[in-house]
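Values below: all heavy atoms of this structure, side chains included; hydrogens, waters and symmetry mates excluded. Convention: sequence-line order gives letters A, B, ...; per-chain numbering from 1. Since we're looking at a predicted model, the values are computed, not measured.
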Number of protein chains: 2
Amino acid sequence: MSIQLPVQTVSRLCLIYRVLLGMDRETVLSSSKLGKLVNIPAHTIRKDLSVAGKVKSSNAGYKAGELLDFIKGLFRFDSPLRVCVAGIGLLGSSFIKNPVQEGGQFIIVAGFDTNINKIEVMKSDVPLFPAYEMADKIREMRIDLGIIAVPAQAAEITKERMKEGGIKGILNFSPAILGDKDIAVRNVHFAEELRFLTAMIPDLEKGV
Amino acid sequence: MSIQLPVQTVSRLCLIYRVLLGMDRETVLSSSKLGKLVNIPAHTIRKDLSVAGKVKSSNAGYKAGELLDFIKGLFRFDSPLRVCVAGIGLLGSSFIKNPVQEGGQFIIVAGFDTNINKIEVMKSDVPLFPAYEMADKIREMRIDLGIIAVPAQAAEITKERMKEGGIKGILNFSPAILGDKDIAVRNVHFAEELRFLTAMIPDLEKGV
DNA sequence: CCTCGGTTGTGAAATTTTTCACAAGTGTTA
DNA sequence: TAACACTTGTGAAAAATTTCACAACCGAGG
């Protein structure tokens with residue numbers, strides 16, 4: 001269980017988990033069928049499952065439900081995680097208004113913003129608090145994950161507040177690049193995705 | 001120039017490009033200083049630059065401006081790219097309303113949606129068109145990149161329409177997993193980022 | 001001019017990750 | 001039962017990537 005899986009393997013298993021979620025549990029999939037759905041070669045999928053510790057069940061394909069349960073157990077996706085959002089701007093509020101529905105795996109339980117007016121004006125089922133209460137509320141509400149959707153200059157302090165509250169992981173949408181030795185941090189940056197895409201295009205000839 | 005760089009190297013260079021953009025061109029950076037800013041070991045940065053073909057300039061640090069220009073030239077980030085958005089929902093319209101500002105590298109030039117009403121009602125500086133005109137408009141307006149922000153079931157057909165118009169790369173925010181052998185495709189999925197984060201947390205003890 | 005602390009660029013080593021190849025298992029059809 | 005067309009799991013080979021170590025270089029301060 002605690003053998004450190006290659007990052008790429010983790011990422012691929014998450015992808016597989018996603019397609020399995022939207023699939024009948026009884027569906028039987030071969031590694032090659034599954035591979036076509038997620039754009040991963042069949043042998044890589046088999047290897048990933050192998051190193052992840054998949055125990056032999058049959059040599060005639062995987063039952064979607066069983067595979068789902070295997071990955072769920074492996075990464076402890078079974079119990080729902082409490083998530084908070086820092087920064088109630090356009091992006092932040094979209095998380096609060098349209099919570100992710102992944103089988104109830106994540107529950108948005110709180111929002112934070114430095115702007116008290118915003119907190120009071122905004123209508124929301126999710127309770128909103130001023131930013132300075134962040135550490136306390138995170139501790140109090142036993143929040144596991146944080147989404148940072150604040151401007152770049154506020155990102156670092158937000159991270160620190162979240163850490164102080166004992167958060168375990170951060171998904172950072174601010175333009176700042178965050179990292180931490182104690183907790184897991186993932187940076188997502190839209191413009192950078194576009195840039196990466198551009199860099200990966202083999203023979204781009206620019207428009208006139 | 002055409003030597004195929006490792007994907008990871010490309011990704012790291014994009015990250016470095018990002019921090020350089022927000023920095024005075026005259027700033028002098030050593031590989032270790034730069035490394036701290038982007039959370040990459042110094043020797044990895046040096047190696048990346050080395051395989052990317054960086055020519056020796058000095059043995060006393062990198063000038064931010066020069067490094068920026070080097071990466072810009074390497075990936076042809078110099079001329080702006082035309083981008084369109086398919087799906088004028090919450091996410092899609094956020095791209096249209098708050099265009100990314102990365103030094104004018106990307107210009108949102110068109111939006112598409114199947115819902116004609118939405119197109120007529122929405123106020124926007126960016127011209128909006130019905131989805132069935134997508135291929136034609138993309139060709140006509142010489143659009144380079146597409147952002148897909150449509151529901152899962154419409155993702156595949158949207159990709160095909162974009163390809164038909166001759167698009168070079170797609171950033172897919174729909175829950176569908178897209179791939180293509182001809183053009184560059186990048187899938188971004190929020191819930192999956194949370195899931196990956198969860199999977200990467202070493203010793204997560206769930207709340208009560 | 002010489003030394004010292006700091007720097008880069010890069011072959012070579014070490015490590016990680018992917019790919020391959022195949023023994024062995026399954027289920028169906030006859 | 002036998003043959004066949006499929007499948008998995010995995011050790012070993014291959015390939016890709018990261019890390020290391022170090023020669024060569026820079027600039028400042030005597």
Side-chain angles (χ1 to χ4, degrees), chain A residues 2-16 20 26-71 73-74 179 181 196 199-200 202, chain B residues 1-16 20 26-71 73-74 179 181 196 199-200:
Chain A
S2 293
I3 31 93
Q4 188 61 7
L5 258 41
V7 177
Q8 309 267 47
T9 292
V10 173
S11 155
R12 282 189 298 257
L13 289 176
C14 286
L15 196 62
I16 290 171
L20 291 175
E26 297 304 310
T27 315
V28 173
L29 291 157
S30 65
S31 55
S32 47
K33 280 207 205 81
L34 192 49
K36 286 196 188 81
L37 293 176
V38 292
N39 294 312
I40 298 171
H43 53 77
T44 304
I45 291 180
R46 293 207 301 279
K47 188 57 154 185
D48 282 342
L49 290 172
S50 173
V51 300
K54 172 94 175 51
V55 291
K56 185 154 212 146
S57 50
S58 132
N59 284 35
Y62 307 99
K63 195 85 91 39
E66 280 172 19
L67 209 48
L68 192 79
D69 292 343
F70 171 73
I71 300 175
L74 179 72
K181 58 179 176 14
F196 178 80
M200 293 303 279
Chain B
M1 182 68 74
S2 293
I3 29 92
Q4 190 59 7
L5 259 40
V7 176
Q8 309 266 46
T9 293
V10 173
S11 154
R12 282 189 298 259
L13 289 177
C14 286
L15 196 63
I16 291 171
L20 291 175
E26 297 305 310
T27 315
V28 174
L29 292 157
S30 65
S31 55
S32 47
K33 280 208 204 81
L34 192 48
K36 287 197 188 80
L37 293 176
V38 291
N39 294 312
I40 298 171
H43 53 77
T44 304
I45 292 180
R46 292 206 303 278
K47 186 57 153 186
D48 283 341
L49 291 171
S50 173
V51 300
K54 172 95 174 53
V55 292
K56 186 154 213 147
S57 50
S58 132
N59 285 35
Y62 307 100
K63 193 87 87 44
E66 280 172 20
L67 209 48
L68 191 80
D69 292 342
F70 170 72
I71 300 176
L74 179 71
K181 58 179 177 16
F196 179 81
M200 293 302 280

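Bracketed by its first and final contacts, the part of DNA chain D lying under 4.0 Å from non-hydrogen atoms of chain A reaches from D:dT7 to D:dA12 in 5' to 3' order.
Going from atom CG of A:N59 over to atom P of C:dC22 covers 18 Å, rounded to whole Å. B:E66 places its CD atom 16 Å from the C1' atom of C:dG9, with the value rounded to the nearest Å. Put simply, CZ on B:F70 is 12 Å from C1' on C:dG9, counting in whole angstrom units. If you take CG of A:L5 and P of C:dT17, they are 10 Å apart, rounded to a whole angstrom. C:dT19 atom P lies 10 Å from atom CG of A:D48, rounded to whole Å. If you measure from atom CZ of B:R46 to atom P of C:dG6, you get 14 Å, rounded to the nearest angstrom.
Both A:A60 and A:K47 lie close to DNA chain D; mapped to their nearest nucleotides by heavy-atom distance, the more 5′-ward contact belongs to A:A60.
Between A:V28 and A:K33 the shortest side-chain heavy-atom distance does not fall below 4.5 Å. Side-chain contact between B:D48 and B:Q8 is absent, with no heavy atoms from C-beta onward closer than 4.5 Å. A 4.5 Å side-chain heavy-atom check between A:L74 and A:L13 finds at least one atom pair inside the cut-off. Looking only at side-chain heavy atoms (C-beta outward), A:V38 and A:R12 stay at 4.5 Å or farther from each other.
Taking OG1 from B:T27 and CG from B:L20, the interatomic distance works out to 9.0 Å, rounded to the nearest 0.5 Å. With rounding to the nearest 0.5 Å, the separation of CZ in B:R46 from CD1 in B:I40 is 13.0 Å. Taking OH of A:Y62 as the start and CG of A:L49 as the end, the distance is 5.0 Å to the nearest 0.5 Å.
Contacts between residues 26-44 of chain B and DNA chain C, defined by a heavy-atom separation under 4.0 Å, are made by B:S30, B:S31.
Listed by chain and residue number, nothing satisfies the side-chain hydrogen bond (donor to acceptor under 3.5 Å, both in side chains) test with A:S11 (two or more places apart in sequence, or in another chain).
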